[in-house]
Every structure is written in structure tokens, then in C-alpha cells.
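Sharing a structure, written as C-alpha cells. Questions coming.
Since we're looking at a predicted model, the values are computed, not measured.
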Amino acid sequence: MSRDHVQSAERSTAEAPPAAPTGVETPFLELLARGASADAYEQPVLLARAEGRPAETIGGLERAKALALRVRAELEGRRRREAELSALFETAHDLAGLRDLDAVLKAIVQRARSLLGTDVAYLSLNDPERGDTYMRVTEGSVAARFQQLRLGMGEGLGGLVAQTARPYVTDDYFKDARFQHTRTIDAGVRDEGLVAILGVPLTLGHHVIGVLFAADRRARVFEREQIALLGSFAALAAAAIDTANLLTETRSALAGLERANEIIRDRSAVIERASDVHDRLAELVLRGGGVHDVAAAVSQVLDGTVEFTEAADTAAAPLETSRAEGHAVRHADDWIAAVTAGGELLGALVLRGHPGLDPVDQLTLERAAMVTSLLLLARRSAADAEQRVRGELLDDLLDARDRDPRLLRERASRLHADLDSTHVVLAARLDGPAADAEQEAAARRRLGAAASHLAATRHGLAAARDGGTVLLLPLTAGETATGLARRTARQLGTAVHEPVTVGASAPVRDLAAHPDHVAAGYAEGRRCLEALRLLGRAGDGAAAEDFGFLGLLLAGDRDIAGFVDRTIGQVVAYDERRGTDLVRTLDAYFTCGMSPARTKDALHVHVNTVAQRLERVGRLLGDDWQDPTRALEIQLALRLHRLSAPAQH
């Protein structure tokens with residue numbers, strides 16, 4: 001989700017007239033409104049107990065408190081993710097308009113410390129001439145010896161990070177035996193009072209040029225998301241250093257060569273184009289542009305065709321070289337710049353039909369690839385957040401934890417879902433063979449992502465459940481549960497490139513008022529799913545109505561009238577319109593062992609009359625009505641119709 005979309009949603013929420021809160025929710029809504037601390041949410045409950053309120057009131061306050069704390073945690077998480085993305089965008093903007101390397105590195109370290117909430121953050125760089133590493137930037141440091149610390153290669157946590165080019169984290173540095181402790185390093189760390197330390201490498205290609213650290217003066221466990229965030233800042237710091245080095249080399253070359261005026265003008269034009277594209281990319285990031293907007297902007301500046309391609313659709317060898325070296329690589333008449341984030345390959349920017357590329361233009365293509373990776377990460381983060389919220393709402397409906405219809409409707413409305421419309425609950429599961437547990441887990445993640453995307457586009461909900469996926473999709477006019485199940489199986493199978501089997505419930509309604517309908521529908525959908533697998537119809541989709549009389553066993557509500565109508569409804573309707581006796585003739589025919597001669601005796605009519613009536617039945621039910629399977633269903637429908645007849649009069 002782009003920043004513009006988030007701000008638009010916030011404005012819409014701010015402009016809507018607030019509903020007047022009533023009951024036990026009021027104190028917690030006020031706490032949410034003023035951004036109170038988590039401890040403050042205990043006060044309404046404690047006050048109610050002190051006043052001797054009834055247990056029912058206190059129980060309601062406890063439930064409202066738990067829900068308010070969940071909302072608070074979700075809001076805090078969203079604010080944190082927005083702050084992280086904003087910091088990354090701001091840092092990318094600083095890099096795009098790089099003027100002072102020290103200022104950019106200082107800003108990166110400051111933002112890293114602020115977002116990770118650590119006491120200290122610092123950045124060290126390798127010194128190839130002296131063969132060691134030294135402090136370049138510190139933030140939050142109070143010890144002079146620590147700020148002037150130099151480490152030998154391979155020493156301390158930073159030395160291990162530099163050697164392995166991998167992040168390392170310790171929750172208690174002095175008790176961690178993985179690192180080579182030295183008197184100098186330990187003295188500096190002790191002066192600073194550091195305990196928990198996280199270090200990530202600054203890499204250019206295969207080479208580690210330094211380490212970015214975040215540290216606390218108390219024991220602390222760093223989460224995976226925090227490690228990835230610090231890695232993103234490290235990538236930007238490495239890019240800033242690389243950019244500064246390249247710009248320094250360019251200035252040195254221009255100062256030393258003193259070429260002719262034509263060459264100077266040509267070089268100036270190239271640099272101007274690079275500056276232009278940096279400004280354009282920064283503007284795109286700030287206004288929430290997409291990947292293809294970046295490609296279009298770079299195409300104009302480089303006077304060529306630039307496309308974003310998936311990794312699978314790009315030449316493997318040059319793409320891997322670009323990924324490893326961190327630079328654009330020439331391939332035939334094209335240039336390929338890998339789009340990566342935290343070691344993950346996200347795709348590539350490909351400049352088509354442009355074999356001769358100026359170094360500054362090459363740098364422009366590389367910077368565009370970096371901005372593309374930031375945009376992709378932002379889009380993924382927004383999609384993950386929406387997927388998580390959709391899954392949480394569906395989990396609550398399945399478990400019937402939240403029975404407040406108003407709140408359920410509000411939560412669904414924020415996701416563009418309407419719980420008052422008719423829905424179908426679908427249970428989906430992969431049916432392709434898995435080589436091992438890792439491949440099976442990856443396939444399930446792909447299924448979950450595909451189901452979430454389908455739910456978002458259809459204004460429904462999706463969540464992982466019981467080793468598969470459950471979807472709650474609205475049923476459009478003229479659509480059946482069977483048709484929706486088959487189309488969903490086809491769409492999910494195409495998305496994950498494996499057969500996906502889908503069982504569907506009968507249509508469910510009034511979900512906000514009756515959330516337990518969702519759980520019942522899911523149970524029915526799972527029964528249909530298992531029936532499809534037992535019948536050898538893996539990769540297909542179906543609802544209970546597709547299984548004939550077996551559907552009576554699969555359906556959660558035992559739709560007997562629907563089964564009778566689907567099976568012999570045309571014959572019953574014909575009798576009602578024409579005043580004929582086809583139903584009784586059909587019943588007698590099966591009772592007499594499908595013998596026309598015995599049937600005419602039972603009905604006291606001529607055998608030709610029996611034949612004519614059976615011929616009419618065949619035209620109404622189809623030529624296969626006497627096949628064993630159809631005949632069994634028709635006999636069951638006749639029996640159920642006969643049993644229900646007294647209740648109709």
C-alpha cells in the first residue's frame with residue numbers, strides 16, 4: 001500500500017462523523033484516542049472492581065480491554081512499519097541527491113538507532129592500508145575510547161561479520177564465546193556499557209567494506225524484522241559510499257585529463273542526465289510511484305527501453321553476476337541490473353538494445369534498480385499487512401471470538417468486504433506431490449499468497465487453516481456455489497502451478513449477526529473437499545449439491561427439499577400443471593421392480609398407458625434416468641417426497 005493510499009484512508013477516517021461510543025467500550029476508546037500507555041488500560045477494570053460493579057460488567061470490561069489492546073498493538077505496528085518505510089524512503093532520497101557522504105552516513109545511523117530503539121548505533125569501515133577497521137560514525141555513544149576504537153580483522157563481533165559477510169547478533173556480548181575477544185575491544189565495549197549487539201555487513205559485490213551496528217546497554221533479543229531493517233540501512237550506506245567513491249573518481253579523472261571542450265560538454269550532458277534521473281526517482285518514491293513508473297522514467301533519461309522483468313524471465317548467468325557484484329552487467333546488446341533486497345533476488349531492470357553505455361548511465365541504471373527494490377519491499381510490506389488483517393478477521397469469524405455485529409461490519413468494511421451479502425466458504429488444499437517438507441511448506445506459502453490475492457480482488461477474506469487455506473468469497477448474482485468452487489480451484493491451481501482441490505459450502509448469509517455460520521460452512525466445505533479426494537477428483541472444485549444423494553450427507557443443513565427438487569422437481573411440476581399422475585406411476589414402476597406389466601396391475605391401467613407415462617418421464621428427466629446411479633437417486637427422492645407430502649397439506 002502506497003503512502004498516498006494510507007494518508008487517503010486516514011483522511012477518510014478523520015472526516016467520517018464519529019459514532020457515539022456506549023457501554024464498556026467508552027473508556028478504552030478514549031484511551032485509544034489519546035494514545036495512552038498499555039498500563040493505563042487496566043484502570044477502568046480496577047475502578048469497576050473497586051466500585052463493586054457486577055461480575056458481568058467487569059467481564060465486559062475485560063473483553064473490551066483485550067480488544068482495545070489488540071487494536072492498540074495493531075496501530076502501533078502500523079505506525080512502526082510506516083516509520084520504517086518513511087526512513088528508508090528519506091534515506092534513498094538523501095542518496096539520490098548525494099552531496100556530503102558524512103551527512104548521509106550520519107543520517108543512516110541516526111535513523112537506524114531511532115527505528116530499532118537502541119541506545120547506540122555506529123558504523124565502522126575497513127582500512128585496507130592498515131589491515132584493520134575503524135569507527136566512522138557513532139550515535140548515542142558517550143565513551144571517547146569507544147568512539148576511537150580500531151579493531152583488527154577477525155576480532156570481536158564486527159570482525160566475524162566482516163569475515164563471513166553475514167549478520168551476527170548477541171544478547172550478551174561478554175558471555176558469547178563465538179567472537180574473538182581482545183582486551184582493547186572488550187575495554188571499549190565495557191566503557192560504553194554495551195550488552196546486546198547486532199551487526200550487519202556493508203557489502204559491495206563480494207567485498208565487505210564495513211559493518212553497521214545497533215547496540216543496547218541491557219540484554220535484548222533482536223527480532224528478524226529488525227535484523228532485516230538494519231540490513232536495508234547497511235545496503236543504503238554501502239551504496240552511499242560506492243556513489244561517493246564513483247563521484248570522487250569521476251571528479252579526479254575530469255581534473256587530471258583536461259580534455260577538449262567537446263568532451264567536457266559531452267561529460268556534462270551525461271552527468272546532467274544522471275542528476276535528472278536521480279531527481280525523477282526521488283520524486284517517484286515520494287509520490288508513491290510504481291515499478292513500471294521507475295522503468296519509464298529511466299527509459300526517457302537513457303534514451304532506450306528499460307523493463308522490469310521477473311528473475312525467472314531473465315538470463316540467469318548475467319543476472320547472477322550483477323547480483324554478486326552489485327553492478328549492471330552487459331549481456332549481448334542489453335544491460336541487466338539485478339533488483340535485490342537483503343540478499344533476496346526480486347527481479348531485474350533490463351536496458352534493451354543499448355550496448356554502449358556510459359559509466360554514469362550505468363550507475364543511473366544501478367540506482368534505479370535500488371529504488372525499484374525499495375518500492376517492491378514497500379508494496380510487499382503493505383500487502384503482508386493487509387493479508388494479515390484479512391486473515392485475522394476470518395480467523396475471528398471461524399472461531400466466533402467476536403460477536404459484536406457492528407464491530408465485525410466495521411472491520412470488514414475497512415477491507416472492502418460486506419458481511420451482509422451472501423457468501424460461500426471454500427476449503428482449498430494442494431494435491432500435487434511434494435519432494436520434501438521444505439518444498440511442501442513453500443508450496444503452502446504460494447497457495448496462501450494466491451488465496452489472499454484472490455480474496456482481495458473479490459472483496460473477500462482468506463486465511464491459512466488445517467494445512468490448507470480457507471476463503472470467504474461473496475456470491476454474485478446468477479452464480480452458484482459449484483461454479484465458484486470450480487473457478488477458484490482453476491485460478492489457484494494456475495497461480496501455484498499445482499493442482500488445487502476446493503470444497504464449497506452452501507451459500508451463507510447474515511455473517512455479522514451469525515458468525516457461527518462461517519465455521520459451519522467451513523466444516524461443510526472440508527467434507528466436500530475430502531469427498532472430491534476420495535472420488536479421485538483432485539484439482540477440481542465442487543459443492544454438496546454436486547454429489548446427488550451423497551450431498552445430503554455432506555451438506556451442513558441437510559437440504560432435503562433442494563435434493564428432491566433437483567432430482568424429480570420437473571416431474572412434480574408437470575403433475576401440478578397438467579393434473580397427471582407421473583409421480584405415482586414412477587413410484588409404482590420402481591416398487592414393481594421396473595416391470596411395466598406389474599406396474600399396470602398395481603395402477604389398474606393399460607400397459608400402453610404405463611409406457612406413455614414412462615416415455616414422458618424420460619423426456620422430463622433425460623434418457624439416462626433408468627441408469628443404476630440415477631435410478632437410485634430418483635427412488636430416494638420419491639421416498640423423501642412421499643414422506644414430506646403430509647406436511648404440505
Side-chain angles (χ1 to χ4, degrees), residues 70 74 383-403 408 411-412 415 417 419 422-432 434 437-475 481 484-493 495-496 498-509 511-512 514-534 537-544 554-557:
R70 284 173 50 200
E74 179 66 23
D384 288 346
E386 181 175 347
Q387 176 180 342
R388 189 160 49 251
V389 173
R390 288 181 184 275
E392 289 172 355
L393 176 55
L394 184 50
D395 281 337
D396 286 351
L397 290 171
L398 286 167
D399 299 333
R401 285 191 292 247
D402 191 345
R403 294 185 175 274
L408 288 173
R411 293 173 62 188
L415 298 171
L419 296 183
T422 301
H423 286 72
V424 171
V425 185
L426 303 111
R429 187 174 296 175
L430 290 165
D431 273 302
E438 184 176 349
Q439 288 192 5
E440 182 179 0
R444 286 182 180 179
R445 287 194 295 271
R446 291 197 302 272
L447 175 62
S452 297
H453 177 73
L454 178 61
T457 57
R458 286 291 303 268
H459 303 297
L461 305 173
R465 200 83 167 185
D466 301 321
T469 299
V470 55
L471 299 96
L472 182 66
L473 299 181
L475 195 65
L484 182 58
R486 289 175 177 168
R487 184 168 64 255
T488 301
R490 185 170 58 253
Q491 291 173 330
L492 293 179
V496 302
E498 289 188 34
V500 177
T501 307
V502 176
S505 73
V508 291
R509 300 171 179 85
L511 301 183
H514 303 284
D516 52 313
H517 289 181
V518 180
Y522 176 54
E524 180 179 335
R526 288 192 67 189
R527 290 195 293 271
C528 291
L529 171 64
E530 294 302 326
L532 285 172
R533 301 178 75 179
L534 290 172
R537 291 172 58 185
D540 198 1
L554 298 174
D557 56 359

Can you check whether L471 reaches L461 side chain to side chain, under 4.5 Å on heavy atoms?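 Not touching, per the 4.5 Å side-chain cut-off.
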Report the distance from atom CG of L473 to atom NE2 of H423, rounding to the nearest 0.5 Å.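 The CG atom of L473 sits 7.5 Å away from the NE2 atom of H423.
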Is there a side-chain contact between L426 and V470 (heavy atoms, below 4.5 Å)?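 A side-chain contact under 4.5 Å is absent here.
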Could you pull out the closest heavy-atom pair between T501 and G539, with the gap in Å?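 Closest approach of T501 to G539, heavy atoms only: OG1-N, 2.8 Å.
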What's the shortest heavy-atom distance between A443 and E498, and which atoms?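 Heavy atoms of A443 and E498 come nearest at CB-OE2, 3.7 Å.
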I need the L511 CG to L472 CG distance, nearest 0.5 Å.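 Those atoms lie 6.0 Å apart.
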Would you indicate whether the side-chain heavy atoms of V500 and R429 approach each other to under 4.5 Å?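 The answer is no; the side chains never approach within 4.5 Å.
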V496 side chain near L492 side chain, heavy-atom distance below 4.5 Å: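 Side-chain contact under 4.5 Å: no.
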Please give me the minimum heavy-atom distance between G541 and A489, naming the atom from each residue.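 Minimum heavy-atom separation between G541 and A489: N-CB, 4.1 Å.
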Taking all atoms of both residues into account, what is the closest heavy-atom pair of P507 and V424, and its distance?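 Minimum heavy-atom contact is CA-CG2, 4.3 Å.
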For the atom pair CG (L454) and OG1 (T469), what is the distance rounded to the nearest 0.5 Å?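 Reported to 0.5 Å precision, the distance equals 11.0 Å.
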Non-hydrogen atoms of V518 and V425 that approach each other most closely: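 Scanning both residues completely, I find the closest heavy atoms to be O-CG2, 4.0 Å.
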If I compare all heavy atoms of R458 with all of L484, which pair ends up nearest, and what's the gap?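 Scanning both residues completely, I find the closest heavy atoms to be NH1-CD1, 3.5 Å.
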Please identify each residue that fulfils side-chain hydrogen bond (donor to acceptor under 3.5 Å, both in side chains) with R526, with sequence neighbours left out.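 For R526, the residues satisfying side-chain hydrogen bond (donor to acceptor under 3.5 Å, both in side chains) (neighbours in sequence not counted) are D466.
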